[in-house]
A.B. asks: 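I have a structure here, written as structure tokens, and I will follow up with some questions on it.
The first residue of the sequence shown is numbered 1, and numbering continues consecutively from there. Heavy-atom basis, side chains included; hydrogens, waters and symmetry copies ignored.
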Amino acid sequence: MAQVKIYYEPEMELLTVFWQAPRKNQIATELGDGIILIKDSTTGEPIGIEILSYQPGDNRFDAVSVEMGRLATV
């Protein structure tokens with residue numbers, strides 16, 4: 001199973017999401033509105049995103065929420 005890693009740095013207002021392991025040879029491309037696409041520089045494959053000036057409840061996202069705490073099981 002793939003593992004998604006999410007890093008939130010509130011003092012920097014930075015949210016980083018990786019769906020693949022970070023790479024030494026990664027590159028970043030700004031998509032606009034403070035959203036950065038992180039790609040493998042060799043293959044061009046997207047491996048993550050960074051969201052600048054992020055705070056919980058960010059209005060740039062309708063369907064994404066970040067909650068602190070443990071996931072309840074159903």
Side-chain angles (χ1 to χ4, degrees):
M1 179 190 317
Q3 195 174 51
V4 174
K5 295 199 180 235
I6 300 172
Y7 304 95
Y8 175 49
E9 300 176 57
E11 65 281 350
M12 296 178 62
E13 296 184 338
L14 180 65
L15 181 73
T16 307
V17 179
F18 281 102
W19 50 86
Q20 291 190 19
R23 315 259 165 76
K24 287 184 179 184
N25 63 338
Q26 65 192 28
I27 57 173
T29 304
E30 185 166 1
L31 301 177
D33 200 22
I35 299 174
I36 311 293
L37 180 65
I38 304 168
K39 302 183 285 186
D40 181 295
S41 67
T42 304
T43 66
E45 180 180 16
I47 60 172
I49 59 170
E50 274 190 335
I51 301 154
L52 308 176
S53 301
Y54 177 84
Q55 294 181 354
D58 194 312
N59 64 5
R60 289 177 285 180
F61 306 99
D62 293 332
V64 176
S65 66
V66 175
E67 298 180 20
M68 305 302 270
R70 293 175 27 170
L71 179 64
T73 57
V74 179

A.B. asks: Enter the distance from Leu31:CG to Thr29:OG1 here, rounded to the nearest 0.5 Å.
C.D. replies: 7.0 Å
A.B. asks: Nearest 0.5 Å, what's the CG-CD1 distance between Leu15 and Ile35?
C.D. replies: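 Rounded to the nearest 0.5 Å, the CG-CD1 separation comes out at 10.5 Å.
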A.B. asks: Would you call Pro46 and Trp19 a side-chain contact if the rule is heavy atoms closer than 4.5 Å?
C.D. replies: yes
A.B. asks: Any heavy-atom pair between the side chains of Phe18 and Gln26 that's under 4.5 Å?
C.D. replies: yes
A.B. asks: I'd like to check the side-chain hydrogen bond (donor to acceptor under 3.5 Å, both in side chains) partners of Glu45; sequence neighbours left out, ordered by chain and number.
C.D. replies: Gln20
A.B. asks: Going from CD1 on Ile27 to OG on Ser41, what distance comes out if it is rounded to the nearest 0.5 angstrom?
C.D. replies: 6.0 Å
A.B. asks: Same cluster or not: Val4 versus Ile51, using hydrophobic residues (I, L, V, M, F, W, Y) connected whenever any side-chain heavy atoms lie under 4.5 Å apart?
C.D. replies: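 Yes, same cluster.
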A.B. asks: Do Tyr54 and Leu37 share a hydrophobic cluster, counting only Ile, Leu, Val, Met, Phe, Trp and Tyr and linking them when any side-chain heavy atoms are less than 4.5 Å apart?
C.D. replies: yes
A.B. asks: Scan Ile38, Ile6, Ile47 and name whichever one has a side-chain contact (heavy atoms from CB on, under 4.5 Å) with Val17.
C.D. replies: Ile6
A.B. asks: Quick check: do Leu52 and Leu14 have side-chain heavy atoms less than 4.5 Å from each other?
C.D. replies: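 The answer is yes, as the side chains (C-beta and beyond) meet within the 4.5 Å cut-off.
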